[in-house]
Amino acid sequence: MKLIDIYNLLVDFYGEQNWWPIIEGRECVYKKEFMERERTDEEIFEIMIGAILTQNTSWTNVIVAIINLKENNIFSPYKISEIENSKLSQLIKSAGYFNQKAKKLKILCSFLLNNKISELKKLSVYDLRQKFLSLWGIGYETADSIVLYGFNKPVFVVDAYTKRIFSRLGFFPENSEYETIRDLFEKNLPQSSNLYKEYHALIVEFGKNLCKKRPLCNNCSFNENCAYLHKNAQSFAQFIQQS
DNA sequence: CGCCAGGGCCTCA
DNA sequence: TGAGGCCATGGC
């Protein structure tokens, strides 16, 4: 099985994901048009905020935090730069790690005051990535989520699900490095930002409800091609033989 | 109660 | 460069 085959199976199974979602009022919306048009500067800003807030945190907890920021009318780089740290952390409390994340948002926003989104759009993928990676609190996954979903540049986002799923499927060892894995995906897939967007979203969906830490292999379509399942089947067979 | 969530930073060897 | 600790809420 190749990476594109797995992608096609996931699309058949889960359908289009239309990431990255935007909060409208109190609703979190996923729209097909996100795949067809450029994001507005406001949307890009929201994607940056969301990408930081969702670090090791469930998205439902992030939605509340974003709504709080918007309803308190501080959802802009300038306002967030001005607000007291303690107030900011209280507004984003639901997203967890609120002291760290408040600091991260501050640093991002002060960066944005000196770097207009319209100017950032002109940078190469590499330079754009480096800009975000140089900020405290933004690592590979957060930077690449921003570059891919916000700026619509073809960078493959690797997360814990990607490592878990594809190491189980036998593509690489579980402890492989971020850049190694990203390189593997980018070299074995067409260079398409829309493909990367959908693929990452599908990986998250698959990792959440089937290929979990304790995987539900009985309901999984990849059974025959999964090294993880083969290994378990082997050790199970050995266990039976020995006992 | 324990486990996990759309990670990243710091420290110490 | 690898392993381990730390950050913290909310859903199940």
Side-chain angles (χ1 to χ4, degrees), chain A residues 7 10 14 16-23 26 28-30 34 39 43-44 46-69 85-108 111 129-151 155-168 172-182 185 193 195-216:
Chain A
Y7 170 78
L10 288 173
Y14 291 113
E16 292 179 353
Q17 302 298 302
N18 299 320
W19 273 31
W20 189 285
I22 288 296
I23 312 295
R26 299 204 169 193
C28 179
V29 296
Y30 300 78
F34 293 161
R39 295 291 197 148
E43 286 173 339
I44 295 177
E46 184 171 329
I47 290 168
M48 294 179 191
I49 300 292
I52 287 177
L53 291 180
T54 198
Q55 290 172 354
N56 202 35
T57 301
S58 62
W59 184 250
T60 54
N61 287 1
V62 175
I63 295 176
V64 179
I66 292 180
I67 290 173
N68 278 341
L69 294 175
N85 271 26
S86 56
K87 285 193 175 180
L88 181 57
S89 56
Q90 282 313 297
L91 289 173
I92 62 170
K93 184 159 167 277
S94 68
Y97 309 118
F98 46 79
N99 288 317
Q100 284 195 3
K101 285 177 180 174
K103 183 176 169 188
K104 293 177 183 181
L105 294 187
K106 287 267 187 181
I107 290 172
L108 169 71
F111 166 77
R129 248 187 130 229
Q130 294 309 312
K131 283 269 190 191
F132 286 108
L133 281 175
S134 71
L135 300 180
W136 184 90
I138 296 187
Y140 287 119
E141 188 189 338
T142 307
D144 287 344
S145 295
I146 293 170
V147 172
L148 176 64
Y149 291 103
F151 290 87
V155 175
F156 199 91
V157 177
V158 177
D159 66 345
Y161 291 127
T162 313
K163 286 190 181 176
R164 187 166 77 208
I165 293 168
F166 291 88
S167 62
R168 282 176 176 170
F172 45 75
E174 165 104 63
N175 61 357
S176 302
E177 290 186 12
Y178 185 97
E179 293 290 63
T180 307
I181 300 176
R182 182 174 66 80
F185 276 86
S193 54
L195 171 63
Y196 295 174
K197 288 178 194 172
E198 282 299 296
Y199 207 160
H200 173 65
L202 287 164
I203 285 170
V204 171
E205 201 54 36
F206 180 50
K208 273 204 276 205
N209 60 49
L210 280 180
C211 204
K212 312 198 236 188
K213 281 202 175 175
R214 185 183 302 182
L216 308 179

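Note: hydrogens, waters and symmetry copies are ignored here, and every other heavy atom, side chains too, is used. The model shown is predicted, which means the values in this text are computed figures rather than measured ones. Naming: A, B, ... by sequence-line order, numbering from 1 per chain.
In terms of position along DNA chain B, the nucleotide closest to A:Ser58 lies nearer the 5' end than the nucleotide closest to the other residue of the pair A:Ile138 and A:Ser58. Taking the nucleotide of DNA chain B with the nearest heavy atom to each of A:Glu141 and A:Arg214, the more 5' of the two is matched to A:Arg214.
Looking at A:Lys101 and A:Thr57, their side chains do bring a donor and an acceptor atom within 3.5 Å of each other.
Going from the P atom of C:dC6 to that of B:dG6 covers 24 Å, rounded to whole Å. Spacing of P atoms, C:dG10 relative to B:dG8, comes out at 22 Å, to the nearest Å.
OP1 and OP2 of B:dA5 both lie 4.0 Å or more from every side-chain N or O belonging to A:Lys208. When the side-chain nitrogen and oxygen atoms of A:Arg164 are compared with OP1 and OP2 of B:dA5, one or more of them lie within a distance under 4.0 Å. OP1 or OP2 of C:dA8 lies within a sub-4.0 Å distance of a side-chain N or O belonging to A:Asn99.
The side chain of A:Asn56 has B:dA5 as its nearest neighbour among C:dT9, B:dA5, B:dG6.
Aromatic stacking is marked for A:Trp19 over B:dG6, as both cut-offs hold: 5.5 Å for the centres and 30° for the planes. B:dG6 has its base stacked against the ring of A:Trp59, the centroids being under 5.5 angstrom apart at an interplanar angle below 30°.
In this structure, the side chain of A:Tyr149 engages the main chain of A:Lys197 through a donor-acceptor pair within 3.5 Å. Between the side chain of A:Glu198 and the backbone N or O of A:Gln17, at least one donor-acceptor pair lies under 3.5 Å.
Across all strands shown, C:dG11 pairs with B:dC3; the Watson-Crick or G-U wobble distances both stay below 3.5 Å.
A cation-pi arrangement is absent between A:Arg39 and A:Phe151, since the terminal nitrogen or guanidinium carbon is not both under 6.0 Å from the aromatic centre and inside a 45° cone about the axis.
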